[in-house]
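Working notes, structure below.
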Amino acid sequence: MSLQAFLARRVVTPDGIRPAAILVEDERIQAIVSPEQVPDGYTMNDFGDAAILPGLVDSHVHINDPGRSEWEGFETATRAAAAGGYTMLVDMPLNCLPATTTVASLQAKRQAAHGKCRVDWAAWGGVVHNNQDDIEPLAAAGVPGFKCFLVNPGIDGFTMVTEQQLRSALPHVARTGLPLLVHAEIPGPIDRATEALANADWTRYSTYLQSRPDETELAAIRLLLSLCREFGFRLHIVHLSTSEALPELRAARSEGLAVSVETCPHYLHLSAETIPNGATLNKCAPPIRSRENNNKLWQALRDGTIDLVVTDHSPCPPAMKRLAEGNFQTAWGGIASLSVALPLIWTEASQRGFTLLDVAQWMSAAPARLADCDARKGRLVAGNDADFVVFDPDREFTLSADKLHYRHPVSPYLGETLRGVVKGTYLRGNPVFTEGAFPGDPAGRECTSPVHRSPP
Ligand SMILES: [Zn+2]
């Protein structure tokens, strides 16, 4: 039996930030006590002035494994995650081959992940045009929920759903009680805007932004809210970009609809006004909008309309970003940020008067709840897995490629000075990242829904 105490001046617990010792017995948090109350027999790990936050949970990651591991893969994604303070990732069902739309493909993913993960993981199931009958079996096999697209996701092997196809899937989704995560953009306004821009200069960021107007998201969210009312399923809007949808999302929540909302570091840290022409590393869908829009998203985090912040880590081989020609029409859309999301968010949040308690809520507790792993993850409380990140919130650093530990270390943030350094990440009491190194063998496990979890 191993008894360890992890001490720091700023331990971020659900009740507040205070000097404390986290007592860990084997893999779980046994208790959180004041530093002078550590009983005899514990190995002491004192992090002094640093902060200890719960291990971050990223419920929106594209790992691309099996099938496109040259884009990313379990090994590199979970290594990058550990370096970024994450202890749990939930993989999106597209980009991998086969896509996670059947129980057989979920088993293929489990095989691909086996022995490669430095942090824990789970997999969302996909809802596509023709797999309605796979939804309940996927739930029984242990996915924490589902993901679908209302617009073409732009990758072979995963289809969008029309309203009619979604309607035939929703009774199955509702019966599982699990959330449906939706990419909320619809094709109509995109097609019309893109047609009108046929002769525009696609090396300009403004052209790309005009091709995906706010209306694209707004119309999708209106449709989803009405379906949520009609079918009574748990709706989760992924990567909200437009602030124009916020009033209707606020109203839906006051009405008591089961709707939750996420946004991402790039929508909170970058703005359209400062994206240089040709800088396709900033391309994602929905697009990064104006600074004014960005400020409204921060306001929505403050008032709770947006629940969580996730990376939407979506890498590709660098050639697909078309950096040489800088063409926003043909470049792959997706921004990778697993190793750097916490400093990005802390840089912004600390300037806006938020605390590490808010960050822990957005980046750990809320995504753990969405992914149905909050009985073990997401908070520093007795009984939970001893997952945590040691963070120096006061130190600044300049982002260089050697700090990005995913497969292709490209990033729109290179060269930026950011606030907050991840000093170490602990998974079930063991270090998985310390001062630039990754000790130990990969020990990450799949973390399935409590109902489906097999006994230890
Ligand atoms: Zn995504």
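The chain is numbered in sequence order, starting from 1. Every number for a ligand or one of its atoms is a count from 1 in the order of the listing.
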Would you mind telling me which of D312, T311, D91 makes a side-chain hydrogen bond (donor to acceptor under 3.5 Å, both in side chains) with H62?
D312
Determine how many protein N/O/S atoms sit closer than 2.8 Å to the Zn ion (ligand 1), leaving waters out since they are not shown.
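Under the 2.8 Å cut-off, the count stands at 3.
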Side chain to side chain contact (heavy atoms under 4.5 Å, CB included) test vs L150 passes for just one of I221, I186, T216, namely I186
Do Q165 and T162 have side-chain N/O donor and acceptor atoms under 3.5 Å apart?
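There is such a pair between these side chains.
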Does NZ or CZ of R302 lie under 6.0 Å from the centre of the six-membered ring of F354, at an angle within 45° of the ring axis?
yes
Crowding at CD, E292 (>12 non-hydrogen neighbours, <6.0 Å):
no
Does CZ belonging to R204 count more than 12 external heavy atoms closer than 6.0 Å?
no
